[in-house]
Novice: 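My questions will all concern the structure given below.
Along the sequence shown, the residues carry numbers beginning at 1. Counting convention: from 1, in listed order, for ligands and their atoms alike.
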Amino acid sequence: MAMEEASMGERVRSWHSAPSKPRYRPPPGAVDAHCHVFGPMARFPFSSRAKYVPADAGAEMLFALRDHLGFSRNVVVQASCHGTDNAATLEAIARCGSRARGVAVVDPAIPDAELAALHRGGIRGVRFNFLKRLVDDAPKDRFLDLARRLPCDWHVVIYFEADLLEELRPFMEAIPVPLIIDHMGRPDVTQGPDGADMRALRRLLDSRPDIWFKATCPDRLDITHGDPWDAFATAVAPLVADYADRALWGTDWPHPNMEKAIPDDGHLVDMIPRIAPSAALQHKLLVENPMRLYWPDQESVA
Ligand code: 0GY
């Protein structure tokens, strides 16, 4: 009992307990294209190699937040704390039928039959995480071998910080499927829209028409100023305007590792019209683009 209490005490909560209702109303069919689930640990234990052990934030909470914020669909991205066991992600997807899809993290040696099973469970991509504070290793050669045998219509999601972009460029060029960059590769948004990090990202986007990005995480990228994250809005709005067909948006709930600066999810939603000011841009960001990647065979249904 004492052991159990001690380990419970170490688990961290990184999400807002009562997010505000956003002023901005997303269009019908809007997709939260980057979110995670944590556990619940009793059913879905965390990986022994996890770098953080969060409190439970399961599917029920995620879908309650979806409804509260006015969204229709979710893309659940496997968080590093669950390692390569995608059971919690798959269960979340299974709970809401076709209204959720997912991105898995797998051992690169995964058999084809298991990839096919993940596809049946709603997975449409794999995530390669290059953040040293989150994963022990990121074997590029093995990742590439896997990328070459992904099921049809899958893509790769890649997570790295801006200082790794140049080093990863040949690796990214070799990936033979669409590539989605988590949180834009974490540029320093305080450099502004024409800063070195944004210029490097634009060069990458210009190198291939099938590289997408997530215009996500003002809370992570504008941490010095904080909410209302003005530097993020200034740096990211031109990117969304110039690459409108390749931008995705998501809450990043339950905001892994953000326990010291927990964002209000309602305020995150209110960032949308600041980076996508017109109804047409908002529709691309929230509906058309994610539907194209995750539900290519369906019309958008609210
Ligand atoms: C994110 C960001 C983080 C963590 C993870 O898989 C993860 O653990 O994604 C992070 O700590 O930067 O994408 O939500």
Novice: For the pair Asn289 (side chain) and Lys284 (backbone), establish whether a donor and an acceptor sit closer than 3.5 Å, ignoring hydrogens and angles.
Specialist: yes

Novice: Can you name the ring pair (Phe, Tyr, Trp, His ring centres under 6.0 Å) partners of His183, sequence neighbours left out?
Specialist: His34, Tyr159

Novice: Does a donor on one side chain and an acceptor on the other come within less than 3.5 Å for Tyr24 and Gln282?
Specialist: yes

Novice: Does the side chain of Asp264 come under 3.5 Å of the side chain of Ser20 through a donor N or O and an acceptor N or O?
Specialist: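 There is such a pair between these side chains.
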
Novice: Any protein N or O within less than 3.5 Å of an N or O in ligand 1? List each pair with its distance, or say none.
Specialist:
residue  : atom   : partner : partner atom : Å
ligand 1 : 6 (O)  : Ser80   : N            : 2.6
ligand 1 : 6 (O)  : Arg127  : NH1          : 2.8
ligand 1 : 8 (O)  : Tyr52   : OH           : 2.5
ligand 1 : 8 (O)  : Ser80   : N            : 3.2
ligand 1 : 8 (O)  : Ser80   : OG           : 2.5
ligand 1 : 9 (O)  : Arg127  : NH1          : 2.9
ligand 1 : 9 (O)  : Arg127  : NH2          : 3.1
ligand 1 : 11 (O) : Arg133  : NH1          : 3.0
ligand 1 : 11 (O) : Arg133  : NH2          : 3.3
ligand 1 : 11 (O) : Asn257  : ND2          : 2.8
ligand 1 : 12 (O) : Arg133  : NH2          : 2.7
ligand 1 : 12 (O) : Tyr159  : OH           : 2.5
ligand 1 : 12 (O) : Arg186  : NH1          : 3.4
ligand 1 : 12 (O) : Arg220  : NH1          : 3.2
ligand 1 : 13 (O) : His34   : NE2          : 3.1
ligand 1 : 13 (O) : Arg127  : NH2          : 2.8
ligand 1 : 13 (O) : His183  : NE2          : 2.8
ligand 1 : 14 (O) : His36   : NE2          : 2.7
ligand 1 : 14 (O) : Arg220  : NH2          : 3.4
ligand 1 : 14 (O) : Asp252  : OD1          : 2.4

Novice: Does a donor on one side chain and an acceptor on the other come within less than 3.5 Å for His119 and Asp153?
Specialist: no

Novice: Please round to the nearest 0.5 Å and tell me the distance separating atom CG of Asp194 and atom CZ of Arg202.
Specialist: 7.5 Å

